[in-house]
Amino acid sequence: MVDRNKMKKDGGSSDDAMIRAEAVLRSRFHYPSFREGQKEIISSLLQGSDVFAMLPTGGGKSLCYEIPGYILDGLVVIVSPLISLMEDQTHALREIGETRVRALNSMVHPQEQKRILGQLGSLRFLYLSPEMLRRPRVIDALTRVSVALFVIDEAHCVSQWGHEFRPDYLHLAGIREQLNHPVCLALTATADQRVKEDILHYLHLKDACHIMMGVDRPNIAMSVIETENVPEKTKELLGLLHTVRLPGIVYCSGRVLTMQLADLIGAKLHLRTAYYHGGMYPEDRRKIQNQFLEGSLDVLCCTSAFGMGINKPDIRLVVHYQYPANLNAYLQEIGRAARDGGPGLAVLLHAPEDDLLPVSLIEANYPSEPLMRLALGWISRGLLDPGKQPNAFRGALMQSGAGETAARFLTDQLQELPPGISATAALQKVLRAVHERKQTQFGDLEHMKAWIHTKRCRREACLEFFDEKLTRKPAHCCDRCGISISDFANERQTNRKSHVAFDWRRRLTALLLTEK
DNA sequence: CGCCGCACGATTAGTCGTGCGGCGGTGCACTAAT
């Protein structure tokens, strides 16, 4: 399902380049042939066309810029959202014998950073964060070399993180201009209509060719289990984990909850369980991630911190104990299941109380009006300048009670004000920006909730948000189409046949009642 | 919204209830003083 509508039809001269590309594929990467989508992407890039590509995860996205790296003349700059991802990818390239690859981030010693910037001309691949790309010294060094390709990996971050959490994502287009407008490749696995529009808009990819593989993962069955309250939801979770094939991921929205659930699951079900969230030490996160990847864990309870760049083929189950604030994030998270093409199950557990948390998480992204007035006061009295001292400005906002994201959002907004604007006009402008963003986020949340409560086929309803049509309904589609959890039962359960479901329910109820 | 932690007061010396306020998720880079 490749959308070739916008592909340029130059033809002819690119044949040579593609022959070389296939040679590189075989000789360096030891693959016999391209996978679906890869050839079109590489061919377009080699013809000098920008590309916006949506490929399923595990579909070999990195090859799409690695191979051009061996054919084009100049540096390939890859914007990556996570340091751990940069490390994994530079490591993978080193494994195949590539030495001309570096990652530039805060984990690299300042002296080494300086050395890297001095030797950019001799590198083939450079990984860095959007934040790093805004540092004048970095931009300066990059303008001195020829950048052949500008890659935005995990491009949905532009839309999902750029507006509030990591505003530097919205400034990539300007930086690309400063680098003499190299050919650009934006890569992601899932992008609904709005995310697509954001990517195209904020990366200035008006004339890019679109190579879109569908987001549907027919081998992942979808189900929502409605419960009365949280204790009942927990009971359902334990029952599910007891019954179905593992390993599995349990997503929740709070750090403490990941630990509590991991404790509970370990104690009640005797499964090898761990937790993972953004507040842990990086070395612990690595450790748990590796344990999960190598198969020494059955269940991982985690926040949304876990998942990006994780490529474990045999995850059989993804449970949402609490749901994310939009369908794009949801699809991203359940998409981690069953990459091997085997059966996968995505279960969203819902209790009425769950609807409150996403609302407050969205609200927490934005500064309050009194805080805006305070900040504008600092500016008008000449105390602080968000443009000249963004860090000090953000720090002062946080001292005054703003959360980090809200502080960053406000600092970024105030930097963009036209010179000489009145305080009243500035306030109106920021209020409007906040209002618009909240509208969008609450709109996305409503879509998510509508999907949870839909009576239609979940797959069909979900694909609709991604502007796709369900062409073929898989055998195990969704709860609305009549799947049964017992179809996903693990070996122990299948041996025991039909009355097992009743059995675990009663046993768990007994266990939970005797707990306190 | 609902939970958790903290301060506080009543009570009589360590505990216990109440009430209030803040927090809840994702990560880059950097700052400052040592």
Side-chain angles (χ1 to χ4, degrees), chain A residues 79-87 103-110 113 127-138 152-154 156-172 229-231 233 251-260 275-282 285-286 301-310 320-326 328-330 332-333 351-366 368 389-409 411-412 441 444-445 448:
Chain A
V79 180
S80 171
L82 304 178
I83 293 174
S84 63
L85 220 57
M86 297 179 207
E87 285 171 352
L104 191 67
N105 57 57
S106 62
M107 297 307 285
V108 176
H109 192 279
Q113 289 186 26
Y127 287 88
L128 36 61
S129 64
E131 288 81 4
M132 207 40 114
L133 255 185
R134 285 194 85 189
R135 287 170 40 160
R137 273 182 43 200
V138 174
I152 290 86
D153 197 13
E154 308 285 357
H156 59 278
C157 293
V158 171
S159 175
Q160 305 252 95
W161 283 356
H163 296 282
E164 293 88 13
F165 186 48
R166 291 176 70 177
D168 296 299
Y169 261 107
L170 297 191
H171 296 278
L172 291 173
N229 50 45
V230 174
K233 189 173 69 167
Y251 276 107
C252 22
S253 297
R255 293 174 177 181
V256 179
L257 197 57
T258 63
M259 303 185 232
Q260 291 168 336
Y275 60 88
Y276 182 104
H277 58 72
M280 292 160 59
Y281 292 112
R285 291 174 64 163
R286 264 289 176 193
C301 301
C302 59
T303 61
S304 55
F306 184 80
M308 214 189 280
I310 299 297
H320 279 79
Y321 188 80
Q322 282 159 327
Y323 62 88
N326 59 70
N328 207 71
Y330 183 68
Q332 195 93 30
E333 288 170 358
E353 293 94 315
D354 298 339
D355 296 342
L356 304 164
L357 188 65
V359 175
S360 30
L361 288 180
I362 292 172
E363 292 282 355
N365 285 329
Y366 305 100
S368 64
Q389 324 145 276
N391 290 343
F393 200 88
R394 199 175 63 236
L397 286 171
M398 289 171 71
Q399 288 286 312
S400 310
E404 195 175 346
T405 304
R408 199 177 286 277
F409 182 87
T411 307
D412 209 60
Q441 298 225 298
D444 287 352
L445 177 58
M448 180 76 223

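A note on names: the letters A, B, ... follow the listed sequences, proteins ahead of strands, and every chain is numbered from 1.
In this structure B:dG22 sits in a base pair with B:dC3, meeting the Watson-Crick or G-U test at under 3.5 Å. Under the Watson-Crick and G-U wobble criteria, each requiring two contacts below 3.5 Å, nucleotide B:dC28 is left unpaired. Nucleotide B:dT34: unpaired (no Watson-Crick or G-U wobble partner with both distances less than 3.5 Å). B:dC16 and B:dG9 make up a base pair, with Watson-Crick or G-U wobble contacts both under 3.5 Å.
An OP1 or OP2 oxygen of B:dT26 is reached within less than 4.0 angstrom by no side-chain nitrogen or oxygen of A:Ser304. Between A:Arg255 and B:dT26 there is a side-chain polar atom (N or O) within less than 4.0 angstrom of OP1 or OP2. Between A:Ser129 and the phosphate of B:dA29, there is a side-chain N or O to OP1/OP2 separation shorter than 4.0 Å.
A:Arg408 comes within 4.0 angstrom of a nucleotide base, judged by non-hydrogen atoms across all strands. Using a 4.0 Å heavy-atom criterion, one finds that A:Pro81 contacts the sugar-phosphate atoms exclusively. Residue contacts shown for A:Asn105 are limited to sugar-phosphate atoms, with no base heavy atom under 4.0 Å away.
Rounded to an integer number of Å, the gap from OH of A:Tyr276 to C1' of B:dT26 is 11 Å. Spacing between atom CZ of A:Arg134 and atom P of B:dC28 amounts to 17 Å, rounded to whole angstrom units. The distance from atom CG of A:Leu445 to atom C1' of B:dG25 is 14 Å, rounded to the nearest whole Å. Following rounding to the nearest Å, A:His156 (NE2) and B:dT26 (C1') show an atom-to-atom distance of 11 Å. When the C1' atom of B:dG24 is taken as reference, atom CG of A:Asp354 falls 13 Å away, rounded to whole Å. For the pair A:Leu85 CG and B:dT26 P, the computed distance is 17 Å after rounding to whole Å. Residue A:Met132 contributes atom CE, which lies 9 Å from atom C1' of B:dC28 at whole-angstrom precision. What separates CZ of A:Phe306 from P of B:dG27 is a distance of 12 Å, to the nearest Å.
Comparing atom distances between the A:Arg166 side chain and each of B:dG25, B:dG27, B:dA29 picks out B:dG27 as nearest. Closest to the side chain of A:Glu404, out of B:dG27, B:dA29, B:dG25, is B:dG27. Nearest nucleotide to the A:Asn391 side chain, out of B:dG24, B:dT31, B:dC28: B:dT31.
Within the 3.5 Å criterion, the main-chain N or O of A:Ala351 finds a donor-acceptor partner in the side chain of A:Asp354. Within the 3.5 Å criterion, the main-chain N or O of A:His156 finds no donor-acceptor partner in the side chain of A:Ser159.
Ring stacking holds between A:Phe165 and B:dT26, with the centres under 5.5 Å apart and the planes within 30 degrees of each other.
Residues A:Pro130 and A:Arg166 share a closest heavy-atom pair of CD-NH2, 3.8 Å.
Partners of A:Asp153 under the salt bridge (charged side-chain N to carboxylate O under 4.0 Å, His left out) rule, at least two apart in sequence or in another chain, do not exist in this structure. Under the rule for a side-chain hydrogen bond (donor to acceptor under 3.5 Å, both in side chains), the partners of A:Asp168 that lie at least two apart in sequence or sit in another chain are A:Arg134.
If you take atom C1' in B:dC8 and the same atom in B:dG14, they sit 15 Å apart, rounded to whole Å. Rounded to a whole angstrom, the distance from the C1' atom of B:dG9 to that of B:dA13 is 15 Å. Taking atom C1' in both B:dT12 and B:dC16, one finds a spacing of 13 Å when rounded to whole Å. When the P atom is compared between B:dT11 and B:dC4, the two are found 28 Å apart, to the nearest whole Å.
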Given the rule in the side chain to side chain contact (heavy atoms under 4.5 Å, CB included) test, do A:Leu257 and A:Gln260 qualify, once you have shown the distances and angles that lead to the verdict?
-> CA-CA 5 Å; A:Leu257 197 57; A:Gln260 291 168 336; 3.6 Å; yes

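The shortest side-chain heavy-atom distance between A:Trp161 and A:Thr405 does not fall under the 4.5 Å cut-off.
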Review item, nucleotides 1-6 of chain B N/O atoms under 3.5 Å of protein N/O:
none

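Under the 30°/60° scheme for interplanar angles, the aromatic rings of A:Tyr251 and A:His320 are found to lie parallel.
Atom NE2 of residue A:His171 and atom CG of residue A:Asp412 lie 4.0 Å apart, to the nearest 0.5 angstrom.
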